[in-house]
Undergrad: 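Let me give you the structure first, and then I'll get to my questions.
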Amino acid sequence: EISALTDLAHARTLACVLIPMLRHQAHAKQEKLIAYGAAVFGHRITDARQAAAAAIDATEAFFHSLGVSTKLRDYLPAPDVLEEIPHRFSRRGMLLGERGDITPPQVKEILDHAW
């Protein structure tokens, strides 16, 4: 949606939205994040919450190591366009996520953190 409304490349939008989405969904995605952290970053953290958070932090650090910002404010002149996105999902009756558990108001929260 961000790429559809702006000239920002889809890959950059993913780098910006992925981190706040994972933080928002960390509890629901905890097992996947633990496995991801172990497989990709070699994490061997026994506390589940800490392991999930470490995987997210390592992903953000990876983007930064490539010189890619994880904040939309570094690419867009103003957050105005982000206000439209939850409304677009609402009008379509869309829920996001593999479980369909991310609602348009939650999209707004995620985008606010992505800014």
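This one's a predicted model, so the numbers in the text were calculated from it and none came from an experiment. One-based numbering along the sequence shown.
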Undergrad: Taking C-beta and beyond as the side chain, do L82 and D112 meet within less than 4.5 Å on heavy atoms?
TA: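 No - every pair of side-chain heavy atoms lies 4.5 Å or more apart.
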Undergrad: Taking it one step at a time, do K29 and M21 satisfy side-chain contact (heavy atoms from CB on, under 4.5 Å)?
TA: CA-CA 10 Å; K29 296 181 177 301; M21 184 279 302; 3.7 Å; yes
Undergrad: Show your working on ring-ring contact (aromatic ring centres under 6.0 Å, His included) between F41 and Y36 and close with a plain yes or no.
TA: CA-CA 8 Å; F41 299 108; Y36 163 70; 5.6 Å; yes
Undergrad: Which heavy atom in A58 sits nearest to a heavy atom in H43, and how many Å separate them?
TA: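 Closest approach of A58 to H43, heavy atoms only: CB-CE1, 3.9 Å.
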Undergrad: Hey, any chance L22 and I34 share a hydrophobic cluster, counting ILVMFWY side chains that come within less than 4.5 Å of each other, even indirectly?
TA: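 In one cluster: no.
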Undergrad: Consider only side-chain heavy atoms of I, L, V, M, F, W and Y, link residues closer than 4.5 Å, and tell whether I45 and L33 are in one cluster.
TA: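 No, no single cluster joins them.
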Undergrad: Under 3.5 Å, is there a donor-acceptor pair between the side chain of K108 and the main chain of H87?
TA: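 A pair under 3.5 Å: no.
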Undergrad: Drop me the distance from R12's CZ to S69's OG, to the nearest 0.5 angstrom.
TA: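 It is 8.5 Å, given to the nearest 0.5 Å.
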Undergrad: Name all pairs fulfilling the salt bridge (Lys or Arg N to Asp or Glu O under 4.0 Å) condition that reach into residues 42-66, sequence neighbours left out, sorted by first residue then second.
TA: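 Those involving residues 42-66 are R23-D57, R23-E60.
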Undergrad: Can you check side-chain contact (heavy atoms from CB on, under 4.5 Å) on D101 and L96, steps first, answer last?
TA: CA-CA 6 Å; D101 60 349; L96 302 173; over 6 Å; no
Undergrad: So, for P86 and L111, which heavy atoms are closest and what is the spacing to 0.1 Å?
TA: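 Here P86 and L111 meet closest at CD-CD1, 4.2 Å.
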Undergrad: Is any side-chain N of the basic residue among R88 and E83 closer than 4.0 Å to the acidic one's carboxylate O?
TA: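 No.
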Undergrad: Which heavy-atom pair separates E1 from F89 by the least distance, and what is that distance?
TA: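 Heavy-atom minimum between the residues: CG-CZ, 3.5 Å.
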Undergrad: With Y75, which of I2, V68, T6, T13 fulfils side chain to side chain contact (heavy atoms under 4.5 Å, CB included)?
TA: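 Checked I2, V68, T6, T13 against Y75; only one passes side chain to side chain contact (heavy atoms under 4.5 Å, CB included): V68.
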Undergrad: Using every non-hydrogen atom in the two residues, find where A26 and I56 come nearest and quote the distance to one decimal.
TA: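 The pair with the smallest heavy-atom distance is CB-CD1, 4.2 Å.
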Undergrad: Do the side chains of H113 and H24 get nearer than 4.5 Å, heavy atoms only?
TA: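 They are not in contact (no side-chain heavy atoms under 4.5 Å apart), so the answer is no.
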Undergrad: Between R99 and A28 (side chain of the first, backbone of the second, donor and acceptor by atom type, cut-off under 3.5 Å), is there such a pair?
TA: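 A pair under 3.5 Å: yes.
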Undergrad: Kindly write out the residues that satisfy side-chain contact (heavy atoms from CB on, under 4.5 Å) with D7, not counting sequence neighbours, or none if the list is empty.
TA: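 Once residues adjacent in sequence are excluded, D7 has no partner under the side-chain contact (heavy atoms from CB on, under 4.5 Å) criterion.
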Undergrad: What's the verdict on side-chain contact (heavy atoms from CB on, under 4.5 Å) for Q30 and H27, showing C-alpha distance, side-chain angles and the deciding distance?
TA: CA-CA 5 Å; Q30 189 167 289; H27 181 72; 4.1 Å; yes
Undergrad: So, for P104 and L95, which heavy atoms are closest and what is the spacing to 0.1 Å?
TA: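 Of all heavy-atom pairs spanning P104 and L95, the closest is CD-CD2, 4.2 Å.
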Undergrad: Can you tell me how far apart CG (L8) and OG (S3) are? Round to the nearest 0.5 Å.
TA: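 So the gap between those two atoms works out to 5.5 Å.
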Undergrad: Rounded to the nearest 0.5 Å, how far apart are CG of L14 and OG1 of T70?
TA: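 That separation rounds to 13.0 Å.
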Undergrad: Tell me, yes or no, whether the heavy-atom count around K32 atom NZ, taken from other residues, nucleotides or ligands under 6.0 Å, exceeds 12.
TA: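 Not more than 12 within 6.0 Å, no.
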Undergrad: Please give me the minimum heavy-atom distance between L76 and W115, naming the atom from each residue.
TA: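 So the two residues come closest at O-CH2, 3.5 Å.
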